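Encoded as structure tokens, the structure appears first; notes follow it.
As the structure is a computational prediction, the values presented were derived from the model and not from experiment.
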Amino acid sequence: MTEMSPRPAAIYQDDSDFSLLFFASVVLRSRRWIVALTLAGGLLGTASGLMRSRLYVSTASFIPQGSESGGNSGIALAASQLGIRVPASGAVWGSAVYVQLIRTRALLETVAMDTITVAEDGNRRRPVAEVLGVNEIDVARRSERAVTALRSAIKARELKDLNAVEMSVTSRWPSVSLALAEKIVSSVNRFNLETRKSQATAERRFVETRAVEAERALRDAEDRLQAFLQGNRVFSTSSQLSFERNRLEREVTLRQQAYSSLILSREEARIREIRDIPVITVLDAPRLPFVSEPRRTGQRAILGALAGGILGVLIALFAHGIRTARRGTSEEAREFFETLHEVTPRVLRRRGR
């Protein structure tokens with residue numbers, strides 16, 4: 001018997017060269033498929049870019065503005081009379097809080113269920129939900145979908161260097177982007193005012209309650225001192241009576257100081273409830289966008305062509321693998337590829353022959 005020489009070993013001496021040559025040969029044999037799919041992918045990418053709706057962005061930025069009262073809030077002064085230290089209620093809300101606030105349902109729902117004037121539609125007054133493409137009849141579902149659509153159209157980020165917030169609204173119409181941006185900034189300011197006003201109202205009520213209690217305690221201390229003086233007209237000769245008188249006078253003095261402080265705090269809280277309420281300072285007000293965002297048609301065409309080329313190469317390799325494997329002598333292989341031939345699309349089936 002003649003011993004077979006190991007010829008395959010000579011063929012695979014350089015695996016990298018063989019792999020490159022094999023890949024290049026497969027690509028060259030299927031160059032028409034690859035070029036066709038590359039062109040088709042590029043055309044689809046170009047078409048998707050051209051058919052994409054133009055989008056307009058309106059931006060705004062603002063800085064949270066703190067209260068002038070600082071740590072002298074009414075609740076802090078009242079609590080100090082009880083020996084309790086509380087944080088200053090006039091602390092500024094950080095910009096990170098406003099970034100999250102802009103995306104909350106509590107803020108967006110009032111905007112989403114409002115109406116705006118669309119200049120591109122003949123200055124018609126249209127519901128925001130309708131402009132966002134929400135046409136639900138059910139009120140609850142309409143509100144939920146409108147808030148979701150509005151949230152997806154909003155972007156907000158924190159400007160840490162300025163401790164500010166920058167937000168943008170994107171839509172298909174310049175007037176809609178501007179109107180929504182203005183409404184959101186206004187809603188943030190209104191939400192801030194209402195929240196801080198509620199806090200000031202709660203402080204005022206707390207201080208008023210403490211003032212009533214302090215007044216009652218002061219009257220009781222004064223009544224005890226008056227009763228003592230009426231019952232003990234001569235007490236200079238008795239050290240015990242002198243000590244009791246001094247103790248009652250000290251109690252009246254302390255109660256009077258606490259009451260006076262709470263009265264001042266009550267008046268400050270009433271003023272702060274109306275006047276000294278934190279707001280936001282708008283750095284860059286929303287403007288009407290005149291230029292749409294780039295549709296990136298060129299990038300889409302390149303990505304489409306790249307995806308088409310990769311798909312063509314994969315199809316070529318797959319077809320070559322089927323064609324090569326079908327030449328095997330194994331019964332299982334023939335049965336497998338016969339079945340595969342039946343389920344393979346006609347385009348690939350032709351390439352596999």
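Residue R255 comes nearest to L218 through the heavy atom pair CB-CD1, 3.7 Å, listed as atom of the first residue, atom of the second, then distance. Here the closest heavy-atom approach between residue A164 and residue S95 is recorded as O-CB, 3.5 Å.
Between R270 and E208 there is a salt bridge, with a side-chain nitrogen of the basic residue lying less than 4.0 Å from a carboxylate oxygen of the acidic one. Ion pairing of E144 with R141 is absent here, as no side-chain N (NZ or NE/NH1/NH2) approaches a carboxylate O to less than 4.0 Å. Checked for salt-bridge contact, R224 and E251 meet the test: a charged N lies under 4.0 Å from a carboxylate O.
Within a 6.0 Å radius of CZ in R126, other residues, nucleotides and ligands contribute more than 12 heavy atoms.
Distance alone, capped at 3.5 Å, is enough to place a donor-acceptor pair between the S177 side chain and the Y56 backbone. Between the T253 side chain and the E249 main chain, a donor and an acceptor come within less than 3.5 Å of each other. Using modelled atom types, no side-chain atom of R287 and backbone atom of T59 make a donor-acceptor pair closer than 3.5 Å. A donor-acceptor contact shorter than 3.5 Å links the side chain of R142 to the backbone of E136.
Atoms CH2 and CG, from W173 and L178 in turn, are 15.0 Å apart once rounded to the nearest 0.5 Å. Considering CZ of R247 and CZ of F228, their distance stands at 9.0 Å, rounded to 0.5 Å. Put simply, CZ on F206 and CZ on R266 are 14.5 Å apart, with the number rounded to the nearest 0.5 Å. From I116, atom CD1 reaches atom CG of L180 across 4.5 Å, with rounding to the nearest 0.5 Å. Interatomic distance, OG1 of T110 versus CZ of F191, reported as 9.5 Å (0.5 Å rounding). With rounding to the nearest 0.5 Å, the separation of CE in M167 from CD1 in I154 is 5.5 Å.
With hydrophobic clusters built from ILVMFWY side chains whose heavy atoms lie under 4.5 angstrom apart, I63 does not share a cluster with L101. A single hydrophobic cluster is not seen to contain both V169 and L159; linkage of ILVMFWY side chains at heavy-atom distances under 4.5 Å, directly or through other members, places them apart. Linking ILVMFWY side-chain heavy atoms closer than 4.5 Å, directly or via other members, places V111 and F62 in a single hydrophobic cluster. With hydrophobic clusters built from ILVMFWY side chains whose heavy atoms lie under 4.5 angstrom apart, L132 does not share a cluster with M113. No continuous path of ILVMFWY side-chain contacts below 4.5 Å connects V134 to L108, so the two sit in separate hydrophobic clusters.
Within the 4.5 Å cutoff, the side chain of V252 has heavy atoms near those of the E222 side chain. In this structure, V57 and P289 have side chains that are not in contact, with every pair of non-hydrogen atoms separated by 4.5 Å or more. Inter-residue side-chain proximity for R172 and L55 is flagged as met; some heavy-atom pair is nearer than 4.5 Å. A 4.5 Å side-chain heavy-atom check between R210 and S261 finds every atom pair outside the cut-off.
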Stepwise salt bridge (Lys or Arg N to Asp or Glu O under 4.0 Å) test for E213 and R216: CA-CA 5 Å; E213 295 175 356; R216 187 181 302 114; 5.7 Å; no

Criterion side-chain hydrogen bond (donor to acceptor under 3.5 Å, both in side chains) on T117 and N123, from CA distance to verdict: CA-CA 6 Å; T117 301; N123 289 326; over 6 Å; no

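A side-chain donor from one of E109 and S143 sits under 3.5 Å from a side-chain acceptor of the other.
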